[in-house]
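Data block below; observations after.
Values reported hereafter were calculated over all heavy atoms of this structure, with side chains retained and with hydrogens, waters and symmetry mates removed. In what follows, every chain begins at residue 1, and chains take the letters A, B, ... in the order their sequences are listed.
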There are 2 protein chains.
Amino acid sequence: MSSAQQKPKAKRDTKRLILDICERYLMQWGYNVFSYHHIADELGVKNAAIHYHFRTKSDLAVAVLLRYRARFIRWTQTVEALPPQAQLDAYMRLSLNFVLNQRVGVLVTLGTEYNTLPEPLQEQVKLLQDEIFTWFAALLERGRSSGDFLFNGTAHAMASLIATTMLGSQLLGRVRGIGPFEEVVEQVHLIVGMKRNSP
Amino acid sequence: MSSAQQKPKAKRDTKRLILDICERYLMQWGYNVFSYHHIADELGVKNAAIHYHFRTKSDLAVAVLLRYRARFIRWTQTVEALPPQAQLDAYMRLSLNFVLNQRVGVLVTLGTEYNTLPEPLQEQVKLLQDEIFTWFAALLERGRSSGDFLFNGTAHAMASLIATTMLGSQLLGRVRGIGPFEEVVEQVHLIVGMKRNSP
DNA sequence: GTCTATAGCGGGATAGAC
DNA sequence: GTCTATCCCGCTATAGAC
């Protein structure tokens, strides 16, 4: 720790910057469209320099996903003390911010490209999907027990429905803008009983 | 018409076959991954032969979308006499069949790739999305009026929620198989009041 | 850690023969 | 309607200099 502070600018944090740029491309274009040249150009280096840090494109994308998954886990911890409604809203706001920034979550791009991805990357997509859907189901279960949510069916099924709605809404938002996205968010509130309940 | 019958096998219906194969690739891989070589190989011809029928890749994809849209309109006519619940189920079964065949609807692949598509193709995606969401909203409106559906919020908002759920479920199904997809379909039944209604 | 140079491949598209 | 041949481009990845 203290040794790291001794050379704070010893080297530019290139590895981190590469991950940042790659993550952005994954969310804007997906895996198959971007290239090492795109990343190298933004950093003002040559594509061989990227290969020094990540031997193959697959390695790079897997590294991005590992970081992405760890960040999601940390995020769930930062919101776990909030009321269930606030947690649900916070999650939907994540998707909304993606759309506002002309991106979509990596589950959208990599899910779509799934059949064309290298196997180690497919594995990461599966794991991330598991983590998100599992967290979602637990949230809905707790929220219903506490009386914050009100809905029919299993919490697991409702979690799958809302989580997939968020995926699809990002596709809708990418084409039609933020308005239609927000309309869906509002409707999600209704189906989990966060506003009016019975017809 | 009769002149067409005079030479029923005069030429192999290559143009149609190209459209069929391209459509399949669009649903399996999206626009950016497949190439003229992939199509040519399946037909047992060279890629130049495909260029004879469709000058550019963009032209070909647009032609596929025009046919796809026309087919959707015809499909809505074949189901329009059915009860609202049956129409909703028929639509969800379309998505389910995509997943069973290792595909997803073109709105999933082309929506994801939207930012990278040639402009004429973006236009087609927008139009198809319009047609599907508009049809869906009208269906939910009619179904609620007739007492077949029961839900809170506007029909338009509920239509957007269910339509986006179908998009996202195809991504889920692509990764995790048909089970999770069917769980979502069942939950859709619940939120539009097709089974138990009040908590 | 970044460079130049290059190998090797596959893509979109065209010209002109058959 | 399909072919061969070709152009030019961009991609992944590596070798070896600096």
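Atom NZ in B:Lys46 sits roughly 19 Å away from atom P in C:dA13 (whole-Å rounding). Note: CG (A:Asp41) to C1' (C:dT2) measures 15 Å, nearest angstrom. The interatomic distance linking B:His53 (NE2) with C:dA13 (C1') rounds to 16 Å, in whole Å. To the nearest angstrom, C1' of D:dG10 lies 15 Å from CD1 of A:Ile39. Computed from coordinates, the B:Asn32 CG to D:dC11 C1' distance equals 14 Å when rounded to whole Å. In this structure, A:Leu117 atom CG and D:dT12 atom P are separated by 14 Å, rounded to whole Å.
Note on A:Tyr52: a base of the nucleic acid sits closer than 4.0 angstrom, heavy atoms only. Counting non-hydrogen atoms under 4.0 angstrom, A:His37 reaches a base of the nucleic acid.
More than 12 heavy atoms of other residues, nucleotides or ligands lie within 6.0 Å of CZ in A:Arg71, so this atom counts as buried by the packing criterion.
Contact of the A:Val175 side chain with the B:Leu107 side chain is not registered, since no non-hydrogen atoms from C-beta on lie closer than 4.5 Å. Put simply, the side chain of A:Glu23 reaches to within 4.5 Å of the side chain of A:Arg67, judged on heavy atoms. You'll find the side chain of B:Val106 reaches within 4.5 Å of the side chain of B:Met27, heavy atoms only.
The side chain of A:Tyr36 approaches D:dT12 more closely than any other nucleotide in the set C:dT2, D:dT14, D:dT12. Distance from the side chain of B:Asn47 is smallest for C:dA13 among the nucleotides C:dA13, D:dG1, C:dG1. Listed candidates were C:dT2, D:dA13, D:dT2. Nearest to the side chain of B:Thr14 is D:dT2.
Judged as a ring-ring contact (aromatic ring centres under 6.0 Å, His included), not a single pair has a partner in residues 98-130 of chain A (not counting sequence neighbours).
Side-chain contact of B:Thr165 with A:Thr165: a donor-acceptor pair under 3.5 Å is present, judged by distance alone.
A close approach under 4.0 Å does occur between a side-chain nitrogen or oxygen of A:Ser35 and OP1 or OP2 of D:dC11. Under 4.0 angstrom from either OP1 or OP2 of D:dA15 there lies no side-chain N or O belonging to A:His51.
In the region residues 54-63 of chain B, proximity to DNA chain C at under 4.0 angstrom, judged on heavy atoms, holds for B:Arg55, B:Thr56, B:Lys57.
A salt bridge is defined here as a Lys NZ or Arg NE, NH1 or NH2 lying under 4.0 Å from an Asp or Glu carboxylate O, and A:Lys126 with A:Asp130 fails to meet this definition.
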